[in-house]
Amino acid sequence: MSNILAIAQKEIKSYFVSPIAYALLGIYALICGWFSLIAIANFIEMSQMQQGAADLNGYVIAPVIANAGVLSLFLAPMITMRLFAEEKRMGTIELLITSPITDLEIILGKWLGAMGMYCAMLLIKLLCLSFVFIFGNPDYRPLLTAYLGMFLQGGALLSIGMFVSNTTRNQIVAGTVMFGLSLLMWTFDWATTFKSDGWAKVISYLSLTSHFNSFSRGVLDSKDAIYFISVILLGMFLTARSLESLRWRS
Amino acid sequence: MIKVEGVSKRYARFTAVDNVSFEVEKGQIVGFLGPNGAGKTTTMRMLTCFLPPSEGKASVAGFDVLEQPMEVKKRIGYLPETPPLYPEMEVGEYLQFAGKLKRLSGADLAKRIDEVAQKTNVGDVLKKLIVKLSKGYRQRVGLAQALLHNPEVLILDEPTSGLDPKQILETRQLIKGLAGDHTIILSTHILPEVEQTCERVVIISKGKLVATDTVENLTNRMRGSESIGVEIEGDVAGCREKLEKVDGVKKVVVREDKNGRGYFEIESSEGKNIRADVARAVVQGGFNLTELKAVGMSLEDVFLQLTSTEAKEEKEEAK
């Protein structure tokens with residue numbers, strides 16, 4: 001356990017001693033601020049039309065969360081691309097693999113480190129939304145559900161990204177491939193636009209969007225949670241396999 | 001301590017290590033010698049469980065590298081060719097991290113860091129960022145990392161490459177000092193290094209084991225013909241002529257010719273003892289004989305001879 005934490009800690013630190021963390025957090029803050037601004041303007045207009053306060057949760061919190069979900073799709077590859085690719089390029093992977101720790105410990109440590117970075121981004125978003133709580137009185141429970149959703153969705157993206165990063169020693173390749181994959185996973189639900197049964201339904205089920213949307217609306221469905229947890233486990237399993245194959249092929 | 005039996009490593013298109021066997025006893029320093037690309041690194045990687053062998057068995061301290069890698073890893077300190085360092089870390093922080101990977105913690109880890117930092121002489125840079133260190137310091141930090149968990153076996157891949165002469169000497173001293181407590185395999189393509197630091201040599205070339213023996217035996221074994229060194233006073237060129245006429249002398253090389261003082265290296269034909277005849281020839285020729293000694297073949301000659309005979313054989317096979 002302590003070496004999992006040692007690896008996680010090392011990962012988080014390496015984000016924050018390089019400009020990566022600040023670039024990610026800065027961009028995230030900027031865009032979340034912009035999303036919040038638009039949502040609040042929309043809320044004000046609706047309130048004037050209704051001649052009474054509109055639903056804060058529905059008009060501000062839910063759209064901001066939903067948009068931010070798309071944003072993490074763009075930023076997750078930036079978090080994961082270096083995870084293994086950098087170690088391979090610098091040769092430090094030899095230290096990890098020849099140390100008396102298991103592959104699982106390496107993988108969990110790396111994933112937790114990436115999650116640490118991702119959670120820092122989620123905190124920034126909380127800062128944007130805190131204004132709604134200061135000046136209004138929305139229900140906080142949907143926000144909790146939404147945060148759980150973002151946490152799970154981020155975990156799934158980072159897990160897959162970690163696998164991609166383990167397949168190459170080039171960070172740019174890892175980032176690009178992961179970005180393509182996450183975009184694809186995001187748009188899988190488009191399959192149902194022209195066919196609503198059979199394989200289209202299966203592909204659509206694999207989409208990140210459909211599972212995330214219910215979370216962002218404040219609905220907690222175990223089906224969605226299980227989906228994300230399975231993707232997290234799948235990513236880790238693939239990483240473990242490719243870490244192993246690294247030894248067999250190299 | 002280390003046992004390698006018929007180990008091979010094959011890739012899709014070539015064989016990096018081909019049926020190599022050797023043993024290393026506890027407390028020994030073994031030099032792993034071979035030209036670049038001979039398979040030294042691959043063999044070391046198999047011993048450290050970084051790569052699995054395609055064939056054969058390798059074990060460290062009685063534990064098989066394939067079946068009980070965790071036990072092997074606990075007992076091995078490994079310094080890869082490029083020290084595995086994180087440039088953005090401070091040296092002390094890096095050693096902390098490496099120590100945790102090796103399952104050390106708390107006061108125990110702090111104590112070990114102090115000890116290895118002193119041994120490898122990196123105590124004064126503990127607060128420095130690794131990216132700012134010179135090559136010599138990086139190598140030593142890498143070595144410190146390998147020593148952290150006080151492993152029984154040390155595997156060092158070219159530990160002195162890229163160091164300046166003073167650092168090379170220091171590193172060799174350090175490695176020599178570690179023998180006894182640790183069993184050490186070090187790879188190198190620098191021959192004097194093996195002669196100076198190692199007790200045994202394992203020579204490989206193109207993935208194949210060429211020879212394994214003690215440094216002394218190896219140089220003796222290769223000395224089929226006798227080589228003697230002769231120092232004289234007098235006319236060097238004249239003396240050379242006389243020496244070349246001696247029965248059984250194959251070759252006379254003038255090593256030094258200064259102020260009426262000369263030094264020759266004389267090689268005999270196989271199986272002939274020429275010392276007495278050479279001495280007589282010098283004295284009867286009116287020169288002063290000031291020194292006469294046997295000259296062993298240097299490991300460098302042995303190495304070249306071993307690796308080049310193989311190349312010759314291959315050429316003949318090709319014909």
(message) If the contact rule is any heavy atom under 4.5 Å from chain B, which residues of residues 4-28 of chain A qualify, in numerical order?
(response) Ala6(A), Ile7(A), Gln9(A), Lys10(A), Lys13(A), Ser14(A), Val17(A)
(request) Enumerate by number any residue of residues 98-126 of chain A whose heavy atoms lie under 4.5 Å from heavy atoms of chain B; in the absence of such residues, state 'none'. (result)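 Under the 4.5 Å heavy-atom cut-off, Thr98(A), Ser99(A), Pro100(A), Ile101(A), Thr102(A), Glu105(A) qualify.
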(request) For Pro84(B) and Gly91(A), work out which heavy atoms get closest and say how close. (result)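 Closest approach of Pro84(B) to Gly91(A), heavy atoms only: CB-O, 3.8 Å.
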(request) Side-chain contact test, heavy atoms from C-beta onward, threshold under 4.5 Å: evaluate it for Ile93(A) versus Phe50(B) and give yes or no. (result)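 Yes. Closest side-chain heavy atoms under 4.5 Å.
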For [X], is the [atom1] atom crowded, meaning more than 12 foreign heavy atoms sit under 6.0 Å from it?
{"X": "Gln118(B)", "atom1": "CD", "answer": "no"}
{"X": "Phe188(A)", "atom1": "CZ", "answer": "yes"}
{"X": "Phe133(A)", "atom1": "CZ", "answer": "yes"}

(request) Considering only heavy atoms, give the residues of residues 125-146 of chain B separated from chain A by less than 4.5 Å, sorted numerically, with 'none' for an empty result. (result)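 Residues in range: Gln145(B).
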(request) Spell out the residues in residues 92-110 of chain B that have some non-hydrogen atom less than 4.5 Å away from a non-hydrogen atom of chain A, in order of number; otherwise answer 'none'. (result)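 Near chain A, by residue number: Glu93(B), Tyr94(B), Phe97(B), Lys100(B), Leu101(B), Lys102(B), Arg103(B).
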(message) Can you tell me which portion of Leu85(B) sits under 4.5 Å from chain A's heavy atoms? Options are side chain, backbone, both or neither.
(response)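 The backbone, not the side chain.
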(request) To the nearest 0.5 angstrom, please state how far the CD atom of Glu94(A) sits from the OG1 atom of Thr82(B). (result) 6.5 Å
